[in-house]
2 protein chains.
Amino acid sequence: MLMQSAVNARQFHPAVAAAAPGEREAVDMMGVVMTFKRNAEIYGENEAADYLYKVISGAVRTYKVLADGRRQIGSFYLPGDVFGLEVGSEHAFSAEAVTDTRVLVTKRSVLVSRAERDASAARQLWEVAARELRRAQEHALALIKTAEERVAGFLMDMAKRSSQPDRIDLPMSRQDIADYLGLTIETVSRTFTHLEAIAAIDLPSSRRVVLRNRAALSRLTG
Amino acid sequence: MLMQSAVNARQFHPAVAAAAPGEREAVDMMGVVMTFKRNAEIYGENEAADYLYKVISGAVRTYKVLADGRRQIGSFYLPGDVFGLEVGSEHAFSAEAVTDTRVLVTKRSVLVSRAERDASAARQLWEVAARELRRAQEHALALIKTAEERVAGFLMDMAKRSSQPDRIDLPMSRQDIADYLGLTIETVSRTFTHLEAIAAIDLPSSRRVVLRNRAALSRLTG
DNA sequence: CGTGCAGTTGAGCAAATTCAACGCTTGTGG
DNA sequence: CCACAAGCGTTGAATTTGCTCAACTGCACG
């Protein structure tokens, strides 16, 4: 299988083709596993959207940079999440690894042509797009709220996606959170501190959050 | 055709079935035309999303109301725009007519089953979803910007969708615009006035905007 | 043991909101 | 036909929220 993907290297992601054989690992016939170091670019805005990605471990952020340097993070993707599906032929956002990350990479055309034959594959593809739409809608909804509501909502969302029910290990920096929520790092930091002060959360370390009072937190959500 | 839709009333929108024959008009086999008065509800959040709507004339807003009464407008739909397509089985937003509005209503299942046979119909359906996703992403992007950037961007967007190149007839109130942009009516009003003061726009009346300096406006877009 | 990065905290400031008053248009009833 | 109420929009003043600028801490890594 590994040898076969070497033979078919041209059908995979450029970085896959370039990688030495030992750096990639075939998982099944649906794609190859790639690893990205912290902050490494996975793809760039306006690049051809020829591949779909599924996070195996680590975390990914998609983002845009405005003309004046402001950065807007579109989404964070955690293990199990699929990203890179675009409505057009090009990526609308850039994607980077937040931490060292392993992703399963599959050629989009393979999935699309399979979807044309297999209704359940088509439905899966639709599901990915659907999730993306819902995410964007909820993100827009969050951005009309106050700083405290945004941060509380972010934590609730992360908790829901976390493996442990009430503990969150944040893979991303305060700057990442700020750029996702449309706030400054200072405001995010202050809000974390404030949420700790009112006993809604605990902050054993800056990247670890324990939900101490879910009810209070969800009341702050707006 | 009109009589036939009367016979098949059960497959149409409840309001269609309830309407007297003279109040609806069949356009083609894809659906029936319905009219909604200013501020009339077209569908509600959490209702079954069994129909697709295409604006013929007028304007439509989709929105959610938060627990504390704040309203977030998801989108405005102008003639030619399709709305009501949801990723799940229920509407994520409510929809209302902004002004007296005529829409073409089609049963979703009809389009879906056609898409299963006809690839171009499938592509059209995908296109509608794609536009919706792009819209939501751009909306989120707009909401991290300053008030002036949001308003300028909104006007540029409306101008792009307007029939006349540099003149916009706004169908919606300042409150609608404010709820769409995540601002207050006062801030929207002040920003309009300010844009007029710097000669970026003219305001012959409160609902009419003339773009006087597109370059200045797009510079303010961020 | 420094150096650099990430995060926190404080003080002052700018942007947007809130509260309030007022003008204009529209529609309605006397 | 006029008077007046209601809705919409604008403007002003005070207040609040979040941002900017700046200093400082803790920690990891060379």
Side-chain angles (χ1 to χ4, degrees), chain A residues 37-39 59 61 66 68-73 98-100 142-155 168-197 201-209 220 222, chain B residues 37-39 59 61 66 68-72 98-100 142-155 168-198 201-209 220 222:
Chain A
K37 286 224 174 313
R38 189 171 114 92
N39 294 329
R61 60 176 171 256
L66 304 186
D68 63 353
R70 275 175 298 178
R71 182 181 66 157
Q72 162 75 332
I73 289 186
V98 173
T99 61
D100 292 355
L143 290 177
I144 68 161
K145 301 184 185 174
T146 66
E148 192 171 60
E149 290 168 340
R150 293 185 215 186
V151 172
F154 173 74
L155 290 177
I168 312 166
D169 283 290
L170 296 171
M172 72 289 286
S173 68
R174 294 288 188 271
Q175 186 65 63
D176 284 338
I177 298 172
D179 289 347
Y180 178 69
L181 297 178
L183 301 170
T184 60
I185 42 172
E186 293 96 331
T187 299
V188 172
S189 180
R190 275 187 253 270
T191 308
F192 270 60
T193 305
H194 175 67
L195 290 178
E196 191 180 28
I201 62 172
D202 260 3
L203 284 167
S205 77
S206 70
R207 298 289 184 104
R208 172 158 302 173
V209 182
L220 293 178
Chain B
K37 285 225 175 313
R38 189 171 114 92
N39 294 328
R61 59 175 172 257
L66 303 186
D68 63 354
R70 275 175 296 178
R71 182 181 66 157
Q72 162 74 334
V98 173
T99 61
D100 292 356
L143 291 177
I144 68 160
K145 301 184 184 175
T146 66
E148 192 171 60
E149 290 169 340
R150 290 184 217 188
V151 172
F154 172 74
L155 290 178
I168 311 166
D169 283 290
L170 295 171
M172 72 289 284
S173 69
R174 294 287 186 271
Q175 187 65 63
D176 284 338
I177 298 173
D179 289 348
Y180 177 68
L181 297 178
L183 300 169
T184 60
I185 41 173
E186 293 95 330
T187 299
V188 171
S189 180
R190 276 187 252 270
T191 307
F192 270 62
T193 305
H194 175 67
L195 291 178
E196 190 180 29
I198 64 173
I201 63 172
D202 260 3
L203 284 168
S205 78
S206 70
R207 297 292 184 101
R208 171 157 304 172
V209 182
L220 294 178

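In what follows, chains are A, B, ... by sequence order, proteins preceding strands, each numbered from 1.
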By nearest atom, which of the nucleotides [options] is closest to the [X] side chain?
X       : options                   : result
L183(A) : dC19(D), dA16(C), dG7(C)  : dC19(D)
S189(B) : dG7(C), dG18(D), dT10(D)  : dT10(D)
R174(B) : dG9(D), dC19(D), dT17(C)  : dG9(D)
S206(A) : dT20(D), dT8(C), dG9(D)   : dT8(C)
R190(A) : dT17(C), dA16(C), dA11(C) : dA11(C)

>> Taking any heavy-atom pair under 4.0 Å as a contact, classify R38(B): base, sugar-phosphate, or nothing.
In response: sugar-phosphate
>> Would R71(A) pass as a cation-pi partner of Y180(A), given that its NZ or CZ must be under 6.0 Å from the six-membered ring centre and within 45 degrees of the axis?
In response: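 Cation-pi check for R71(A) and Y180(A): fails.
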> Do the charged groups of E149(B) and R70(A) touch, with an N to O distance under 4.0 Å?
Replying inline: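 Yes.
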> Hey, are R61(A) and D176(A) close enough for a salt bridge, meaning a charged N less than 4.0 Å from a carboxylate O?
Replying inline: yes
Mind calculating the distance between [atom1] ([X]) and [atom2] ([N]) to the nearest angstrom?
X       : N       : atom1 : atom2 : result
L181(B) : dA15(C) : CG    : P     : 18 Å
H194(A) : dT17(D) : NE2   : C1'   : 13 Å
M172(B) : dG9(D)  : CE    : C1'   : 16 Å
L195(A) : dT9(C)  : CG    : P     : 13 Å
I144(A) : dT17(D) : CD1   : C1'   : 16 Å
K145(A) : dT16(D) : NZ    : C1'   : 20 Å
D179(B) : dT17(C) : CG    : C1'   : 14 Å
E186(B) : dT11(D) : CD    : C1'   : 10 Å

Distance test, side-chain N/O of [X] to OP1/OP2 of [N], below 4.0 Å:
X       : N       : value
T146(A) : dT17(D) : no
S173(A) : dA6(C)  : no
T184(B) : dT17(C) : yes

>> Checking the side chain of R174(B) only, and the main-chain atoms of I185(B) only, is there a donor and an acceptor separated by less than 3.5 Å?
In response: no
>> If you assign each of R207(B) and V188(A) to its closest nucleotide in DNA chain D, which residue comes earlier from the 5' end?
In response: R207(B)
> For atom CZ of R207(B), is the number of surrounding heavy atoms from other residues, nucleotides or ligands below 6.0 Å larger than 12?
Replying inline: yes
